[in-house]
Structure formats: structure tokens, C-alpha cells
Amino acid sequence: MDMRPPQLTDMPLDARYSAVRAHTLALAAPLSDEDCGAQSMPDASPVKWHMAHTTWFFETFILERMEPDFAPFHPAFRVLFNSYYNGVGDKHPRAQRGLLTRPAMAQVRAYRADVDARMARLLAAELEAEQRAVLEMLITLGLQHEQQHQELILTDVKHLLAQSALLPAYLDAPRAVETAAAPVAWVNFEGGLAEIGHAGDGFCFDNELPRHKQYVAPFQLASRLVTNGEYLAFVAAGGYFNAALWLAEGWDWVRTQGIKAPFYWHQDEQGAWTEFTLHGAQPLDLDRPATHLSLFEADAYAHWAGARLPTEAEWEVASASTHLQQMFGHCWQWTSSSYAPYPGFQVAPGALGEYNGKFMLNQYVLRGSSCATPDGHTRATYRNFFPAGARWQFTGLRLARRH
């Protein structure tokens with residue numbers, strides 16, 4: 001099964017809506033209802049909840065606002081499938097989403113079908129130009145929001161399946177063979193006053209705005225991502241036992257949690273390493289980019305390698321270079337930049353203004369995209385963000401150093 005949806009570029013809005021919504025169902029297709037209802041940790045959500053929440057988004061922010069004679073599919077869903085929008089009302093506790101045995105998956109699918117039919121009628125309705133513009137803006141945001149959850153479905157399912165002693169595969173198809181990693185080259189960038197942030201007419205999230213000038217000192221960026229083989233050398237050299245390599249909070253994190261290797265790695269009694277993947281447990285592929293690393297691990301490796309993590313401005317400046325490989329589609333790349341508002345950032349009014357701004361604290365920016373990121377959801381200005389200890393996402397690293 002292809003984890004990515006059809007290419008959405010230049011599709012009419014109604015076709016894009018159908019394609020994105022269908023892809024969410026396709027991602028759930030290999031899973032049992034039991035798989036879809038389980039929650040493996042508070043930071044992850046059940047697939048059933050993702051499917052309902054993305055539907056809730058369209059019902060709450062579009063149909064409730066624009067549908068004549070609006071009536072909710074089920075009044076209780078307004079609370080059950082609200083994520084963090086305080087302006088909408090009460091929320092079911094995040095850590096207890098796995099306790100929602102009701103509604104059943106069949107009812108969630110019926111909810112999706114009902115909302116999709118109502119959205120189709122709204123799209124086909126005669127609307128004034130201003131109403132049409134608002135509708136198209138909200139649907140575009142809703143589709144981008146659903147694509148974010150499509151990536152979360154894959155990362156959350158991987159974490160869930162990894163908890164089983166059976167180590168079951170999400171995808172039965174053979175894992176693609178990685179080509180041999182090219183030698184690392186250091187690509188020079190002269191720096192200077194650069195413009196950072198989204199520009200143009202295409203979609204962006206509010207945290208990518210406003211575009212602004214920022215000075216970037218001369219720097220070098222590694223031509224590709226750090227591989228499993230390179231990271232294995234760090235493990236073999238005792239990197240997880242050398243306090244000098246770690247940030248203080250990272251060292252406490254390593255010692256308290258007894259961490260000795262990346263998240264899904266396992267070493268058997270003979271010393272052979274395997275990695276749990278969406279294809280099940282696989283021999284560690286030394287040429288693949290190292291993934292599921294926390295910021296702490298990425299930073300410690302960079303210190304060990306005599307380098308550092310790039311800033312997000314450096315990453316964005318460098319992203320257009322033809323000399324750089326694996327900028328997109330492999331793993332999100334940690335930067336050393338705290339997730340903070342750009343100069344002049346404005347929070348949108350209403351509940352939708354809660355989308356990004358209120359999370360700009362105690363998190364770090366990641367750039368690029370991963371193997372789980374849907375097509376049409378990748379751009380050089382995209383600012384992903386997670387806490388420093390997060391590593392269930394497809395997160396890796398690219399090295400930087402002074403020019």
C-alpha cells in the first residue's frame with residue numbers, strides 16, 4: 001500500500017477534498033477495529049480518534065458556520081473529538097482517548113460519510129463571492145489539518161504496534177531497499193541578510209508568517225542526513241554514557257529513562273541490531289537516515305561529530321541548493337531554534353487562532369518533511385515543532401558548522 005495520497009496539485013477543490021478524505025480511510029484499511037481504538041501513550045491518539053477529529057473539524061468550523069439548518073451528527077461529538085480548541089468548549093482528556101470504546105468504528109465511518117455528503121452539498125451550493133472565498137479558505141485549512149493527522153496516524157500506529165511482543169507489521173509489502181549513502185560533503189553558504197518565511201499565494205500556516213529579514217552568518221551544511229551506520233558508531237563509542245556530549249537536561253533524560261540507543265532499535269544477544277519499522281522488525285539498514293531521534297540525541301551526536309545542529313534560518317536559506325540531498329521526504333530535521341513567533345506574528349481571531357500560536361513555548365523547530373508526510377504538504381518554510389524529548393515522530397538530523 002502506498003502511504004501517500006494522489007498528487008493534489010491543480011485538482012479542483014472538491015476533488016482535493018475527496019482525495020484527502022479517502023486517503024485517511026486508506027491509511028486505516030490495514031488495521032483492525034481493535035488497532036484503531038487503542039492508545040499507546042498520552043502523546044499518541046487512536047486512529048479512530050484521528051478519523052473522528054478531522055471530521056469534527058469540518059463539522060465544527062465549516063458546517064456549523066455555513067450550513068443552512070445546521071444540526072450536529074451527534075451532540076456529544078463536539079466534546080469527544082475536540083482536541084485543544086478552548087474557544088469551542090469542553091474537551092475529552094487527551095490521555096483518555098483510548099478509553100472511548102463508544103462510538104464504535106462503524107459509527108465513526110458513518111460520521112465521516114455524513115459530513116462528507118453535507119460538505120459536498122455546501123460546495124455545490126450557490127454562494128455569494130465572499131462566502132465562497134471563506135468556504136474555500138476554511139476547506140483548504142481543513143485539508144491541510146487532515147494531512148497533518150494522516151502523518152500522525154502513521155507515527156501513532158507505529159508506536160502502538162511496537163508495544164506488542166508480536167512486533168506486527170502495518171505494511172506487509174517488502175520494505176524498499178535503500179541505496180548506498182553517498183559520502184558526506186560540506187556545502188558552503190556565504191550568509192548575509194536573508195528573507196525568511198512564506199511568500200507567494202500558496203497555502204501556509206500562520207506560524208510561517210510574516211516573511212521577514214534575518215541575518216545569517218556564513219555556515220556549512222552537510223550534504224545529506226546522518227545515517228544509521230554513522231549513528232551506530234556514536235552508540236558503539238559510548239555516546240550514551242558520555243555526559244560531556246549532552247545538554248544538562250538531555251543527560252538527565254538519558255540517565256532517568258535508561259536510554260542507550262534510538263527509539264526503535266534493539267540489539268539481540270549476539271550483538272546484531274534490528275529496527276522496528278512499519279514493515280515490522282527489520283535488520284538495521286546502515287544506509288538509511290537515522291530516525292526517531294530526540295533533539296537531545298541529535299544535539300549529542302552533533303557534538304560528538306565536531307559539528308552542531310543548523311538554525312531554522314540556515315536550513316531555510318540552504319533549502320533551495322541543488323547540492324543538498326534528502327531535504328524532504330525522509331525525516332524531519334531538528335534545528336537548534338526554539339519555536340517562537342516571527343517578528344510581527346499575529347494570532348488569528350476566534351478558535352482557529354489557537355492552531356499554532358499558543359504552543360510557542362518549550363519546543364524546538366524541525367524542518368523538511370518525512371516519509372510519512374503526505375504529498376502537497378511539504379514546503380521549505382514549514383515549521384514543525386516538538387518538545388526536546390519527543391522521538392516517536394520520524395525525526396533525524398543534518399549537521400552544520402561554521403564556514
Mutual orientation of the aromatic rings belonging to Trp246 and Phe234 [parallel < 30°, tilted 30-60°, perpendicular > 60°] =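 Rings of Trp246 and Phe234: tilted, 30 to 60°.
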Mind running ring-ring contact (aromatic ring centres under 6.0 Å, His included) on His145 and His53 for me, showing each step along the way?
-> CA-CA 10 Å; His145 168 260; His53 169 69; 4.9 Å; yes
Any donor-acceptor N/O pair, [X] side chain to [Y] backbone, under 3.5 Å:
X	Y	result
Ser18	Asp14	yes
Thr277	His279	yes
Trp334	Phe296	no
Thr54	Glu146	no
Arg94	Ser83	no
Arg132	Leu123	yes
Arg398	Ala222	yes
Glu316	Gly197	yes
Arg112	Arg21	yes
Trp332	Thr291	no

Are the side chains of [Y] and [X] in contact, using a 4.5 Å heavy-atom criterion?
X	Y	answer
Trp265	Leu232	yes
Phe385	Asn356	yes
Glu297	Ile259	yes
Gln326	Pro289	yes
Arg118	Glu59	yes
His92	Trp49	no
Val347	Asp206	no
Phe263	Lys158	no

Asp114 vs Thr55, side-chain contact (heavy atoms from CB on, under 4.5 Å): CA-CA, chis, key distance, verdict | CA-CA 10 Å; Asp114 178 81; Thr55 304; over 6 Å; no
Show your working on side-chain contact (heavy atoms from CB on, under 4.5 Å) between Tyr355 and Leu141 and close with a plain yes or no.
-> CA-CA 10 Å; Tyr355 203 100; Leu141 177 61; 4.2 Å; yes
Is it the case that more than 12 heavy atoms not belonging to [X] sit under 6.0 Å from its [atom1] atom?
X	atom1	result
Glu130	CD	no
Glu195	CD	yes
Asp268	CG	yes
Lys260	NZ	no
His323	NE2	no
Gln346	CD	no

Check whether the ring centres of Tyr301 and Tyr231 lie less than 6.0 Å apart, and answer yes or no.
->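 Here the rings of Tyr231 and Tyr301 have centres that are less than 6.0 Å from each other.
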Are Glu354 and Lys91 ion-paired here, with the side-chain N under 4.0 Å from a carboxylate O?
->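 Salt bridge flag = no for Lys91 with Glu354.
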Scan residues 108-138 for pairs that pass ring pair (Phe, Tyr, Trp, His ring centres under 6.0 Å), counting only residues two or more places apart or in two chains.
->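 Counting only pairs at least two positions apart or across chains, the ring pair (Phe, Tyr, Trp, His ring centres under 6.0 Å) contacts touching residues 108-138 are Phe73-Tyr111, Phe77-Tyr111.
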Quick one: do the Tyr17 and Asp116 side chains pair a donor with an acceptor below 3.5 Å?
->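 Short answer, yes.
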Audit row: Phe328, Trp315, ring-ring contact (aromatic ring centres under 6.0 Å, His included) steps and yes/no | CA-CA 12 Å; Phe328 300 97; Trp315 194 97; 5.6 Å; yes
With Leu225, the side chain to side chain contact (heavy atoms under 4.5 Å, CB included) member among Arg288, Gln325, His330 =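 Testing each of Arg288, Gln325, His330 against Leu225, the sole residue satisfying side chain to side chain contact (heavy atoms under 4.5 Å, CB included) is His330.
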